[in-house]
Number of protein chains: 2
Amino acid sequence: MKRTILLYALSLAALIFILKLIEYRFFVRDLSLEFYVGLVAILFTVLGIWAGNKLSRKKTVVITNPEFQFDAARLQSLNISKREYEVLDLMSKGNSNQEIADKLFVSLNTVKTHSSNLFLKLNVRRRTQAVQKAKELQLIP
Amino acid sequence: MKRTILLYALSLAALIFILKLIEYRFFVRDLSLEFYVGLVAILFTVLGIWAGNKLSRKKTVVITNPEFQFDAARLQSLNISKREYEVLDLMSKGNSNQEIADKLFVSLNTVKTHSSNLFLKLNVRRRTQAVQKAKELQLIP
DNA sequence: AATAAAATCACACTTTCGGGTGAATGCTTT
DNA sequence: AAAGCATTCACCCGAAAGTGTGATTTTATT
């Protein structure tokens, strides 16, 4: 964290130095102000992406802790429906399809349909893989 | 992904518009070039951080659980053999019996025997339950 | 009201899993 | 050497899981 901030500061200093050089050329060679500003924008966008990645990678480690942080956004982005999620949840608790069907008051075939669609959305082929992936994606505890 | 790029483009356009306004004021109020450049730098750093985060967020895959403390004593007390544990480990990673057999260079029947004994020792009836219970017992991450 | 999405179920079919039994081999431990 | 354990494998059988297709109903959204 500290090192990232330090590196950011150093990069900032280096960039400002480079910009001063460019500024010099700008006045000497009479380039347009738009070109100059565009260059600054590009450089700092790149720097921002880099710094952002460095800083948010630390956050990833925080997410790694055992405290489950439900990722509703990811659930939505995968287009997993409410019913499919319920099946996933019961699945992760070690229930068979028949047990899931009994608990959700639906037929076995319905559970199969839901789980099949779930596997497609999670891009897996078996329930064990689905559970694994769902945990990685912070969809279930 | 597409939406992020679109939003980035829109933000870019908005920023350029704002910059033009600032540029206008710059000439009118005669602010220093350094101030102007600094502002551009800050704005695009922020934009870069945001865009970078959006684009790289899908990389937050969590596999390691730092809380995991391997409980060798429990493994022994359950009389789980080395080979059975290897099967359990591969099982927890979503492998089918056939895949486990291939990875351990044994036959499918052997894996079935191991997993069957494993289920007895863990007092479960399905691989999903076995994985669940093994995690609870701190046998696997 | 029309359309789209979600949820429901069926049926046929293939694959995978799990139980039960039996058996051969090798490695320790007594 | 004998007993015990782990490891290996085979065969059979039934249960569970998963695939594919098609169809109906319910619920949201426009």
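Here is how names work: the chains are called A, B, and so on, in the same order as the sequence lines, proteins then strands, and each is numbered from 1.
- Remark: P of C:dT8 and CZ of A:F105 are 12 Å apart, rounded to the nearest angstrom.
- Whole-Å rounding puts the B:N117 CG to D:dG4 C1' distance at 15 Å.
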Atom pairs under 3.5 Å: protein N/O with N/O of nucleotides 15-18 of chain D:
| residue | atom | partner | partner atom | Å |
| --- | --- | --- | --- | --- |
| D:dA17 | OP2 | A:N97 | N | 2.8 |
| D:dG18 | OP1 | A:R127 | N | 2.7 |
| D:dG18 | OP2 | A:R127 | NH1 | 2.8 |
| D:dG18 | N7 | A:K112 | NZ | 3.4 |
| D:dG18 | O6 | A:K112 | NZ | 2.9 |

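- The minimum heavy-atom distance between A:S92 and A:I140, with the atom names listed, is CB-CD1, 3.4 Å.
- By the criterion of side-chain heavy atoms lying less than 4.5 angstrom apart, applied directly or through intervening Ile, Leu, Val, Met, Phe, Trp or Tyr residues, B:I100 is not grouped with B:L108; the two fall into different hydrophobic clusters.
- Counting to the nearest Å, the P atom of D:dT7 and the CG atom of B:L88 are 14 Å from each other.
- With B:Y85 contributing its side chain and B:L139 its backbone, the two residues share a donor-acceptor pair below 3.5 Å.
- A donor-acceptor pair under 3.5 Å links the side-chain atoms of B:R83 to the main chain of B:L104, judged by distance alone.
- Checking B:N95 against B:K103 by side-chain atom types alone, a donor-acceptor pair falls below 3.5 Å.
- Put simply, CD on B:Q129 is 15 Å from P on C:dC17, counting in whole angstrom units.
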Could you list, one pair per line, each protein nitrogen or oxygen that sits under 3.5 Å from a nitrogen or oxygen of nucleotides 26-30 of chain C, together with the distance?
none

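- With respect to B:E136 and B:K133, no salt bridge is recorded, no charged nitrogen being found less than 4.0 Å from a carboxylate O.
- For the pair A:F119/A:R127, a side-chain contact is recorded, criterion being any heavy-atom separation below 4.5 Å from C-beta on.
- The listed nucleotides are D:dA10, D:dT7, C:dC9; the one nearest the side chain of A:T113 is C:dC9.
- Under 4.0 angstrom from either OP1 or OP2 of C:dA7 there lies no side-chain N or O belonging to A:H114.
- Spacing between atom CZ of A:R83 and atom C1' of D:dT27 amounts to 13 Å, rounded to whole angstrom units.
- Atom-to-atom, CG of A:L104 to P of C:dA7 comes out at 11 Å; the value is rounded to the nearest Å.
- For A:S81, counting side-chain heavy atoms from C-beta on, the closest listed nucleotide (C:dA7, D:dA10, D:dT8) is C:dA7.
- Between B:E99 and B:K93 there is no salt bridge, since none of the side-chain N atoms of the basic residue sits less than 4.0 Å from a carboxylate O of the acidic one.
- The phosphate of C:dC9 (OP1 or OP2) has a side-chain N or O of A:T110 nearer than 4.0 angstrom.
- Side chains of B:T113 and B:T110: no donor on one and acceptor on the other come within 3.5 Å.
- Between the OH atom of A:Y85 and the P atom of C:dA7 there is a distance of 14 Å, given to the nearest Å.
- Rounded to whole Å, atom C1' of C:dT16 lies 13 Å from atom CG of B:N109.
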